[in-house]
Amino acid sequence: MPALASPPSAALDVLGVPGEINLDYAATAPCARAAADAVTELLPWYASVHRGAGALSRRCTLAYERARQTVGDFLGARADDHVVFTRNTTDALNLLARSLPAGTTVVTFAGEHHANLLPWPRGSVRLPVPADPAAAVRALAAALSELRRDSNPALPVLVAVTGASNVTGELWPVAELARVAHRYGARIVLDAAQLAPHAPVDRQALDVDYLAVSGHKLYAPFGAGVLVGRADWLDAAPPYLAGGGATSHVGPATHDVAWTTGPARHEGGTPNLLGAVALAAVCAALTDADRVALAAHEQALLARLRAGLAALPHVVELRTFGPDAPRVGIVSFVVAGQDSATVAARLAAEHHIGVRDGLFCAHPLARRLLDEAATRTGRRDLPSTALRASIGLGSTAAQVDRLLAALAEVA
């Protein structure tokens with residue numbers, strides 16, 4: 001197996017508990033040393049942001065705005081984009097949903113995480129889960145062609161897609177979908193929550209109009225996420241949170257309020273300084289790291305995991321596009337004849353291995369893939385929910401082997 005190249009420093013080491021094997025990165029990644037160190041360094045200076053004249057407040061304000069610049073650079077933000085700090089990807093996509101111009105139609109696929117299904121307005125178009133990436137591109141082109149023909153061509157359209165499935169890890173053809181969206185005058189938002197921890201995400205290179213990420217999936221578990229993208233819709237929308245910091249003027253009358261423009265418009269209240277600084281620290285550490293080597297190591301572990309699962313006669317992997325589709329370090333599977341929650345509990349109690357069980361906040365997709373697995377294998381004893389193992393920084397071959405041995409025992 002290819003060896004993981006050493007990072008330039010220990011910044012990308014991840015924290016953990018000795019003896020416990022964490023294979024649930026897709027839900028919440030462990031904390032990177034870079035994030036913990038950045039927060040520890042700033043804590044003695046912790047004070048208000050944008051609201052004080054003292055030395056502590058000035059330092060915190062500078063740290064917050066530097067974090068915004070670092071995160072924006074990491075995600076390929078353009079000079080005139082807004083980089084808005086949120087709580088997570090769900091919060092970021094809800095912010096964008098609240099900022100849509102009147103009459104906007106949102107087009108998405110049924111394979112999305114709930115965060116990219118539930119916030120959008122009624123009348124949105126949900127396309128079926130495609131059989132492969134090329135089918136996704138064709139389906140979007142057909143849907144947008146019909147939509148533009150049958151509705152007012154002046155009304156805005158937003159396409160909402162994921163970069164990597166949180167159920168299967170499979171990569172979606174984001175750049176191709178963006179080209180189709182723009183061909184029909186639509187905008188596109190990328191849910192990069194699962195993609196950004198595993199591969200570079202660049203708004204300009206992918207040519208998406210908006211993208212959203214979560215800090216807790218990107219090794220910075222301090223409650224911050226971000227929405228990056230075009231300014232016009234965000235500046236025209238009412239503030240996501242009405243309150244201090246979002247205003248430029250408040251008069252004596254009840255509705256005598258003028259809202260500011262820029263990211264502050266949607267960051268009302270005291271901002272999450274520590275979350276922003278932690279996220280920026282990880283972004284900086286990843287920028288300095290050899291991401292090709294990191295990805296190669298992850299892919300070697302992923303291949304080891306998938307081959308080991310395939311060798312277990314009662315284990316069936318879930319998939320959307322096919323066994324050879326490119327993917328990140330996420331694998332969902334079932335153990336025939338066994339309840340997934342029970343298997344997960346046994347892995348934790350008997351083997352100190354943490355995995356996820358359930359439908360992974362992607363119920364339409366997970367149920368479809370469970371039905372497909374039953375049809376593909378001809379088995380009638382597959383459970384109604386699945387297990388998911390996910391890897392990243394800090395994962396090792398020994399951990400993968402421990403999971404495979406435990407599953408062999410459980411099954």
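Small disclaimer: the values here were computed from a predicted structure and weren't measured.
In summary, D80 and R230 do not engage in a salt bridge, as defined by a charged side-chain N under 4.0 Å from a carboxylate O.
E317 pairs with exactly one of R388, R327, R376 by the salt bridge (Lys or Arg N to Asp or Glu O under 4.0 Å) rule, that one being R327. Put simply, the residue from V71, L273, N272 that forms a side chain to side chain contact (heavy atoms under 4.5 Å, CB included) with F85 is V71.
S165 and E170 form no side-chain donor-acceptor contact under 3.5 Å, judged by distance and modelled atom types alone.
Of the possible polar contacts, none joining the S390 side chain to the I330 backbone as a donor-acceptor pair under 3.5 Å is found.
For the pair R187 and W233, the cation-pi test (distance below 6.0 Å, angle within 45°) is passed.
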Show your reasoning for whether side-chain contact (heavy atoms from CB on, under 4.5 Å) applies to L234 and L227. CA-CA 10 Å; L234 295 172; L227 176 69; 4.1 Å; yes
Start with the C-alpha distance between E65 and R59, add both sets of side-chain angles, then the distance that settles salt bridge (Lys or Arg N to Asp or Glu O under 4.0 Å), and finish with yes or no. CA-CA 10 Å; E65 293 305 330; R59 174 161 178 169; over 6 Å; no
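Separating the NE2 atom in H198 from the CD atom in Q194 is a distance of 6.0 Å, to the nearest 0.5 Å. Rounded to the nearest 0.5 Å, atoms CD (Q299) and CG (L301) are 9.5 Å apart. To the nearest 0.5 Å, the span separating NE2 on H113 from CZ on F360 amounts to 11.0 Å. In this structure, N116 CG and N94 CG are separated by 10.5 Å, a value rounded to the nearest 0.5 Å. Atom OG in S395 sits 6.0 Å away from atom CG in L23 (nearest 0.5 Å).
Using bins of under 30°, 30° to 60° and over 60° for the plane-to-plane angle, the ring pair H363/H114 lands in the perpendicular bin.
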